[in-house]
Amino acid sequence: MKIIHAKDYADMSRKAANIISAQVILKPDCILGLATGSTPIGAYQQLIKWYEKGDVDFAQVSTYNLDEYRGLLHDDPQSYHFFMRDNFFNHINIDLSRTHVPDGSTTDAAAACAEYDRMVAAAGYPDLQLLGIGNNGHIGFNEPDDHFSAGTHCVDLTESTIEANSRLFDNIDDVPRQAYTMGVQTIMYARMIVIAASGEKKAQAVRDMCFGPVTPSCPASILQLHTNCVVVADEAALSLCPEA
Ligand code: PGA
């Protein structure tokens with residue numbers, strides 16, 4: 001793993017955006033694996049600014065998002081479909097038909113997950129996968145477990161994830177209890193992984209990911225085995241990693 005030190009959230013966002021932008025410039029028809037959550041918003045905002053200046057062109061880019069809540073319609077403001085359009089896609093020149101998010105509106109979990117796996121495999125997997133990391137070390141919605149998951153599947157969210165995500169809902173009871181997520185194996189097929197982390201709350205997860213044993217009890221630790229994984233983390237997120 002290559003660890004890139006950022007000063008703070010804004011610096012982390014710019015550095016992550018720089019790497020994504022370089023990918024799009026090098027391969028205009030690349031496939032990006034994208035993530036939701038608070039972490040990537042600053043990188044998306046930076047990419048939008050560079051798009052507006054004419055520095056980066058998304059016309060031929062395809063995207064596959066990691067996850068989606070089960071049972072939410074695409075236009076539900078809490079859905080990740082909505083998040084991606086609101087925070088990124090509606091502000092750049094991407095062809096929306098090339099953007100993909102697991103279909104949370106299909107409550108037939110087996111069908112929704114199989115179809116997503118088929119699409120990601122047919123596309124040839126992401127050239128670059130952007131990830132955030134959960135406070136508990138999750139990637140996508142792959143929660144700590146006794147095994148690493150394979151393809152897209154339906155998961156029961158842990159209490160800590162429901163609690164962490166409740167800040168975006170009116171009420172904790174409104175947070176969906178299940179989600180569809182790309183599996184760990186699928187994430188590992190990406191040719192490059194950029195995992196971003198900011199803030200003290202992520203410090204233990206970042207330490208476990210980078211310097212702990214490779215174990216499904218910290219799903220992000222598997223990234224130690226990826227051949228091209230870059231961690232972009234700010235000072236607070238790296239505060240428990242003096243060796244980094
Ligand atoms: P966050 O979530 O970016 O909102 O902190 C990251 C994650 O849960 O993967």
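Keep in mind that the numbers below use all heavy atoms, side chains included, and drop hydrogens, waters and symmetry copies. Counting starts at 1 for both ligands and their atoms, following the listed order.
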Answer yes if the side chains of E235 and H5 hold a donor-acceptor pair under 3.5 Å, and no otherwise.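 No pair is found: no donor N or O on one side chain lies under 3.5 Å from an acceptor on the other.
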
Salt bridge [X]-[Y], side-chain N to carboxylate O under 4.0 Å:
{"X": "R177", "Y": "E159", "answer": "no"}
{"X": "D127", "Y": "K27", "answer": "yes"}
{"X": "K49", "Y": "E52", "answer": "no"}

For the rings on Y69 and F141, is their centre-to-centre separation under 6.0 Å?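 Yes - the distance between ring centres of Y69 and F141 falls below the 6.0 Å cut-off.
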
For F58 and F88, I'd like to know if the aromatic rings sit close, meaning centre-to-centre distance below 6.0 Å. yes

Need the list: ligand 1 N/O atoms against protein N/O atoms, distance under 3.5 Å, rounded to one decimal.
unit_1: ligand 1; atom_1: 3 (O); unit_2: S38; atom_2: N; d: 3.2
unit_1: ligand 1; atom_1: 3 (O); unit_2: T39; atom_2: N; d: 2.8
unit_1: ligand 1; atom_1: 3 (O); unit_2: T39; atom_2: OG1; d: 2.5
unit_1: ligand 1; atom_1: 4 (O); unit_2: S38; atom_2: N; d: 2.9
unit_1: ligand 1; atom_1: 4 (O); unit_2: R167; atom_2: NH2; d: 2.9
unit_1: ligand 1; atom_1: 5 (O); unit_2: K202; atom_2: NZ; d: 2.6
unit_1: ligand 1; atom_1: 8 (O); unit_2: H138; atom_2: NE2; d: 2.6
unit_1: ligand 1; atom_1: 9 (O); unit_2: H138; atom_2: NE2; d: 3.4

